[in-house]
**Student:** 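The structure that follows is given in the form of structure tokens.
The structure displayed is predicted, hence computed values, not measured ones. Naming convention: chains lettered A, B, ... in sequence-line order (proteins, then strands); numbering from 1 in each chain.
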There are 2 protein chains.
Amino acid sequence: MKASKAETPAVLIELDIVERNLQRAQQMADGISLSLRPHIKTHKLPRFAQRQIELGARGITCQKLGEAEVMADAGLDDIFVSYNILGASKLKRLKALHDRIQIAVAADNNTVIDGYSAAFTDSNHKLSVLVEIDTGGGRCGVQSAKKAVKLAKRIKASEGLSFGGIMTYPPRGEISDVNASLSRAKAALLDAGLKVKCVSNGGTPDLRFAGDVTLATEHRCGTYIYNDRMQVSYGHCEISDCALSVLATVISCPAEGRAVIDAGTKALAADFCDAPGYGHVLEYPDALVQKLYEEHGVLDFSACESMPEVGDKIRIIPNHVCVVSNLFDSVHLVRNGLIEETVAVAARGCLV
Amino acid sequence: MKASKAETPAVLIELDIVERNLQRAQQMADGISLSLRPHIKTHKLPRFAQRQIELGARGITCQKLGEAEVMADAGLDDIFVSYNILGASKLKRLKALHDRIQIAVAADNNTVIDGYSAAFTDSNHKLSVLVEIDTGGGRCGVQSAKKAVKLAKRIKASEGLSFGGIMTYPPRGEISDVNASLSRAKAALLDAGLKVKCVSNGGTPDLRFAGDVTLATEHRCGTYIYNDRMQVSYGHCEISDCALSVLATVISCPAEGRAVIDAGTKALAADFCDAPGYGHVLEYPDALVQKLYEEHGVLDFSACESMPEVGDKIRIIPNHVCVVSNLFDSVHLVRNGLIEETVAVAARGCLV
């Protein structure tokens, strides 16, 4: 079926662009001997995770246990859950995963480490725990090299655990700060007699500068598979590198220059980016996706030479793809304008 | 089970607050002889739609056909789809619904009306079509009374259709403009010899002023069942009237005054409101939900006298509940701190 015939709103994924984005990143990483560990939060599709591995990724990254369970069920066997996992039920699920596949987790505090240890005390192989370092991102992570050493020592001394290295979710555009923080942490860990097997950096925005983070042994990137308007605004890619679009139908042209489409925040999400509006209209690059309601998108075509009519379909590159994937039960895989396959977003809604 | 023991992130719905919100609105409407036609986009749960009817609502409103199908399957038999429905496949589904239950739809242009007529020409009972009026909201709707008359005449003259009246999605706080637009449209329609059976107004923000829209015969409101931080900022309700909260776990307290929770935009959504941040923390009213990543929420407790520890759970009233309901496969129904039942969000993800 022609992609343009899909019921709207729908997600279209251009397979050729996906493949190009994956290959380009893997080649870049291979060229600087950096391992990739792609984050599947963006696509949530086992097939793309498998393709990332085939192309050379050393494993995958998940943010939630539910995502890791879906991926493990599909045969992915080396997963880093880059998250502090807490609570009896989640630790039990983590242990069940660890019994089946190679899994590692993050920690940035004692409570989390002690939870891991209590759950893995009687495990026949140790759980690898990486210490998260805040390199300026202001999210999770220890604030000093000294604290990193304390946690690494605690991990090493804990039954059932092994110290797997350090990780960070870096601030965008602050390579030298990231380098400095990681260097201080690594040096302090080595001084303390701890081996740092892995230094895991992340993010798509600075993927092209990944080689400048000289200590990193692996890079976790997610959005690069599809790209989006936010990544374009960051300079990571061009609009032509965006693989995912939302197909929408114009349902009304109520006033001059205004058209309303059947996609709102429940399809495009309310995320902002540096560019104005809520998305880029492929057929009308000068159109502004001005306002989103839940099920309506209001577009301003006053800067365009023409505008669509009621019943026309248009494609919108969203500001942030990762949240859009999570809003759709299924997506259409497209090549040369045709839908090759429609697949369920296997890890959609894996919040827990 | 205690609600506080739920796996996080989770949606908790306080049943007593739901019931109070529903009763309060229905009593207000009864007092001014206004029919309510609640919008189910907020809760997407057949049981609450049924309760709205039991309390006296004349029917329900859906925005998407998929929602209407779920509700019809659950026995709801009077549904207004307040949307321009377009395209062969959707019109076929609309006809199938119309064969089972009482259904009405909206239109604000010829293309949509002609589509309805083509699909319903051979129907044994007519499809009721309401003309949408833009009363200043700037979304869908005709821009003049003259255009409303033209469309109403077209509907009346179209095979398979009947003119059901007029509807609007009003701008907030502009009661006199809404009244003026509706008056002009109704007067012009009556002048043209058209009967205006229904004048459908909508929205929760101005629900308390619904009686001031004197021409309205029914009011479509959605958010009032749960309420949210946006409605608090609009003056519709207090925080104590908010029935839905997101339960989250503190996974990290990496720096002074900063805590990170396991709920980000995939649980709380990125919607803004007039109040700062992304939600209201029930246990720490002075905390700021400062930044949301997809799976992390970063909270600033510097204005609070104390802050939670890693492993503690907190409840957050989101800025906008309607998009939060749509992110969770199931929600917990809570009374007196206990989960009475966990139910699937039946119409979640009904985008088409």
**Student:** Sort B/Val324 into side chain, backbone, both or neither according to what part of it lies under 4.5 angstrom from a heavy atom of chain A.
**Tutor:**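 It is neither, since no heavy atom gets under 4.5 Å.
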**Student:** Does some side-chain heavy atom of B/Asp329 sit less than 4.5 Å from a side-chain heavy atom of A/Arg348?
**Tutor:**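 Yes, at least one pair of side-chain atoms sits under 4.5 Å.
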**Student:** B/Asp262 versus A/Gln63: any side-chain heavy-atom pair under 4.5 Å?
**Tutor:**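 Not touching, per the 4.5 Å side-chain cut-off.
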**Student:** Under 4.5 Å between any side-chain heavy atoms of A/Lys90 and B/Thr8, yes or no?
**Tutor:**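 Yes - at least one pair of side-chain heavy atoms lies under 4.5 Å apart.
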**Student:** Give the intermediate values and the outcome of side chain to side chain contact (heavy atoms under 4.5 Å, CB included) for residues B/Glu256 and A/Gln143.
**Tutor:** CA-CA 10 Å; B/Glu256 196 171 330; A/Gln143 304 295 304; over 6 Å; no
**Student:** Under 30°, 30 to 60°, or over 60°: which ring-plane class applies to A/Tyr169 and B/Tyr293, parallel, tilted or perpendicular?
**Tutor:**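 Taking B/Tyr293 first and then A/Tyr169, their aromatic rings stand perpendicular (interplane angle over 60°).
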**Student:** In terms of heavy-atom pairs under 4.5 Å, which option from B/Lys147, B/Glu132, B/His320, B/Gln290 contacts chain A the most?
**Tutor:**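 With the most close heavy-atom pairs to chain A, the winner is B/His320.
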**Student:** Any idea which of B/Gly87, B/Gly141, B/Gly349, B/Gly115 has the most non-hydrogen atom pairs under 4.5 angstrom with chain A?
**Tutor:**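 The answer is B/Gly141.
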**Student:** Looking only at heavy atoms, which two atoms of B/Leu327 and A/Leu351 are closest? And how far apart?
**Tutor:**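 Nearest pair, atom of B/Leu327 first, then A/Leu351: O-CD1, 3.5 Å.
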**Student:** Just by distance, do the side chain of A/Arg139 and the backbone of B/Val298 share a donor-acceptor pair under 3.5 Å?
**Tutor:**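 No.
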**Student:** Can you tell me how far apart CG (B/Asp108) and OG (A/Ser252) are? Round to the nearest 0.5 Å.
**Tutor:**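 Here the rounded value is 3.0 Å.
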**Student:** Could you pull out the closest heavy-atom pair between B/Pro254 and A/Cys140, with the gap in Å?
**Tutor:**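 It is CG-CA, 4.2 Å.
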**Student:** May I ask you to decide whether A/Lys64 forms a salt bridge with B/Glu295, counting only side-chain N to carboxylate O separations under 4.0 Å?
**Tutor:**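 No.
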**Student:** Start with the C-alpha distance between A/His39 and B/Glu294, add both sets of side-chain angles, then the distance that settles side chain to side chain contact (heavy atoms under 4.5 Å, CB included), and finish with yes or no.
**Tutor:** CA-CA 12 Å; A/His39 214 312; B/Glu294 287 160 58; over 6 Å; no
**Student:** A/Ala259, A/Ala263, A/Ala270: which one forms the most heavy-atom pairs within less than 4.5 Å of chain B?
**Tutor:**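 Of the options given, most contacts go to A/Ala270.
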**Student:** Who wins among B/Gly138, B/Ala267, B/Cys253 for the most heavy-atom pairs under 4.5 Å with chain A?
**Tutor:**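 Heavy-atom pair counts peak at B/Gly138.
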**Student:** Shorter than 4.5 Å, heavy atoms on both sides: which option in A/Thr249, A/Val323, A/Val142 has the most such pairs with chain B?
**Tutor:**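 Of the candidates given, the most pairs with chain B belong to A/Val323.
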**Student:** Below 4.5 Å, heavy-atom pairs only: which of A/Asn110, A/Ile251, A/Asn84 has the largest tally toward chain B?
**Tutor:**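 Among A/Asn110, A/Ile251, A/Asn84, the one with the most close pairs to chain B is A/Ile251.
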**Student:** Counting only N and O atoms by type, is there a donor-acceptor contact under 3.5 Å from the side chain of B/Asp271 to the main-chain atoms of A/Thr265?
**Tutor:**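 No; judged by distance alone, with no hydrogens or angles, the pair does not exist.
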**Student:** May I have the step-by-step check of side chain to side chain contact (heavy atoms under 4.5 Å, CB included) for B/Val310 and A/Val112, ending in yes or no?
**Tutor:** CA-CA 8 Å; B/Val310 172; A/Val112 167; 4.3 Å; yes
**Student:** Could you have a look at B/Glu7, B/His296, B/Lys41 and say which one has the most heavy-atom pairs with chain A under 4.5 angstrom?
**Tutor:**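 Among B/Glu7, B/His296, B/Lys41, the one with the most close pairs to chain A is B/His296.
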**Student:** Side chain, backbone, both or neither: which part of A/Glu67 has an atom under 4.5 Å from a heavy atom of chain B?
**Tutor:**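 Interface part for A/Glu67: side chain.
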